[in-house]
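All chains are named by letter (A, B, ...) in the order of the sequence lines, taking the proteins before the strands, and each is independently numbered beginning at 1. These numbers come from a predicted model, not from an experiment.
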There are 2 protein chains.
Amino acid sequence: MSHTLGLRQAQKQKTRQALLDAALGLLEEQSLSSLGLREVTRAVGVAPTAFYRHFRSIADLGTALVEEALGSLHPMIRTTVSTADDHGQRIKRAIELIAGHVDAYPAHVRFIARERHGGVQPVREAIRDQLARFGQEVKDELAKDRVSVGWSEDDLLMLANLYVDQMLITASLFLEALDAPAEERDRVCQVAERQMRLISIGREHWLD
Amino acid sequence: MSHTLGLRQAQKQKTRQALLDAALGLLEEQSLSSLGLREVTRAVGVAPTAFYRHFRSIADLGTALVEEALGSLHPMIRTTVSTADDHGQRIKRAIELIAGHVDAYPAHVRFIARERHGGVQPVREAIRDQLARFGQEVKDELAKDRVSVGWSEDDLLMLANLYVDQMLITASLFLEALDAPAEERDRVCQVAERQMRLISIGREHWLD
DNA sequence: AATTACAGAGAACAGTTGTTAACTGGATGA
DNA sequence: TCATCCAGTTAACAACTGTTCTCTGTAATT
């Protein structure tokens, strides 16, 4: 089942990706609900009507961006949470992984943080669904840990979602500190690590 | 120093408030960066140009909304955190207070959640400043607690900000559950309470 | 009673927006 | 080779945007 994707489809996917990239760029200084279809096509250098060959609407493009930003992140999360080494080290690695991801894909992170509570319903729902998946996956990994014996399913999911939210908060802080001096970035790093540690301590004493 | 506010100024403040209210209403299904000046004046029933008598721009109106939504909340937070009774009861009261506030001012809460990471810089900064104030105030109250002896200033502020973020997350969850059946709302309530309790447990064992 | 200040109205401006329809030209499959 | 498909173009549409300038009526001041 090889699909070598003829010249036709290849070019189509190329402009589709160009539209997504241009939109993501424009969204650094505005929200999705104010992003214009013509604005996007103009940035790509293509006729406004060409937009409809790829997306029904801006909201549709938005949900595609959600998939692009979060879809490929699931394996990353799983391995990070599951890898079992020293507790303190694990937290440090998680924080560094978040920092690295924000460095590599700042626009994607900004988009998710911005549109999670943004003005476009379908996009909010797409993000909510993805984050719920993250929650389930983190829960599954936590369940394997020996610290989790005696925990109810509900409590495991509660903790998993707490971790997921905390990751997003941390990512957002790193984003704000992107152009800040190194000392500021270090400070954010330390605060994030301590918050994560405090939650983990709460986890260890949950059943007392 | 009495200022009985002549007829003139009284009427002006009235339309100003009408503009704020109309904007807040329109923002339930879009973001600030897509809110139009004419849209707001039309909703109030006033000429577009009248807008400039009250605000320089939509961003300016946005920062006024931030003040309206968060400015009067400081005393509420202080007393809630400071009141010293049974630990479990304190958390329950805090959650109920958040739920009540979301019920009473859903549009304000939505506005803050949406524009905290939204596309309008001055508004983001206004919200960030207010939340930083909340963090400081919570820290001040936490410092008075006997559980806080031996804590560094940095760690106290770290914890305070963790609480503040958690309050916002909780408020946002209540908002999503506003039109949901009572059982769903109860579920949200219980999850929020447990997350808050887990953080508090982490706090108690922080110095181990 | 006469003058000033000023909230709001009205009209006009150059640009912008989403969406429609009909069209073009090169890749695709028979 | 020829007919078909379809990504992208062109042109046009009514509706909308923020902002300027000028004007009006009435409250506030003298």
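- Considering every non-hydrogen atom in both A:Ile127 and A:Ile112, the closest pair reads CD1-O, 3.9 Å.
- One can place CD of B:Glu39 at 14 Å from C1' of D:dA15, the figure rounded to the nearest angstrom.
- With sequence neighbours excluded, the residues that form a salt bridge (charged side-chain N to carboxylate O under 4.0 Å, His left out) with B:Asp145 are B:Arg90, B:Arg203.
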| task | Begin with the C-alpha distance, continue with both residues' side-chain angles, and end with the deciding distance and a verdict on side chain to side chain donor-acceptor pair (under 3.5 Å) for A:Gln17 and A:Glu68. | result | CA-CA 10 Å; A:Gln17 190 57 47; A:Glu68 182 175 289; 3.1 Å; yes

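- Of the candidates D:dA7, C:dG18, D:dT26, the closest approach to any side-chain atom of A:Lys12 belongs to D:dA7.
- Taking the charged nitrogens against the carboxylate oxygens, B:Arg124 and B:Glu115 have no contact shorter than 4.0 Å, which rules out a salt bridge.
- Taken together, the paired segments of DNA chain D that extend over three or more consecutive Watson-Crick or G-U pairs, each closer than 3.5 Å at both contacts, are C:1-12 with D:19-30, C:14-17 with D:14-17, C:19-30 with D:1-12.
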| How far apart are the C-alpha atoms of B:Glu28 and B:Arg110, what are their side-chain angles, what is the distance that settles it, and do they pass the salt bridge (Lys or Arg N to Asp or Glu O under 4.0 Å) test? | CA-CA 7 Å; B:Glu28 305 216 354; B:Arg110 172 173 291 118; 3.3 Å; yes

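- Remark on DNA chain D: of its neighbouring residues A:Arg16 and B:Leu35, the 5'-side contact belongs to A:Arg16, judged by nearest-heavy-atom nucleotide.
- To the nearest angstrom, C1' of C:dA7 lies 12 Å from CG of B:Leu19.
- Looking at residues 42-61 of chain B, you'll see B:Val46, B:Ala47, B:Thr49, B:Ala50, B:Arg53, B:His54 sit with a heavy atom under 4.0 Å from some atom of DNA chain C.
- Between the NZ atom of B:Lys14 and the C1' atom of C:dC6 there is a distance of 19 Å, given to the nearest Å.
- The nearest pair of heavy atoms linking B:Leu37 to B:Pro48 is CD2-O, 3.9 Å.
- Not a single donor-acceptor contact under 3.5 angstrom links the side-chain atoms of B:Arg38 to the base of D:dC16.
- When rounded to the nearest whole Å, the span between CD of A:Gln30 and P of D:dT17 equals 16 Å.
- Here D:dC5 presents its C1' atom at 16 Å from CD of A:Gln11, a figure rounded to the nearest Å.
- The aromatic rings of A:Phe55 and A:Phe51 sit tilted, their planes meeting at an angle between 30° and 60°.
- At C:dG8, one or more side-chain N or O atoms of B:Thr15 fall inside 4.0 Å of OP1 or OP2 (strictly under the cut-off).
- Ring geometry, A:Tyr105 versus A:His108: the interplanar angle exceeds 60°, so the pair is classed perpendicular (tilted spans 30 to 60°).
- Following rounding to the nearest Å, B:Gln9 (CD) and D:dA28 (C1') show an atom-to-atom distance of 10 Å.
- The nearest whole Å value for the distance from the CZ atom in A:Arg8 to the P atom in C:dT28 is 7 Å.
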| message | A:Glu96 vs A:Arg93, test: salt bridge (Lys or Arg N to Asp or Glu O under 4.0 Å). Steps then yes/no. | response | CA-CA 5 Å; A:Glu96 280 165 11; A:Arg93 274 200 316 108; over 6 Å; no

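- What separates CD of B:Gln17 from C1' of C:dA7 is a distance of 17 Å, to the nearest Å.
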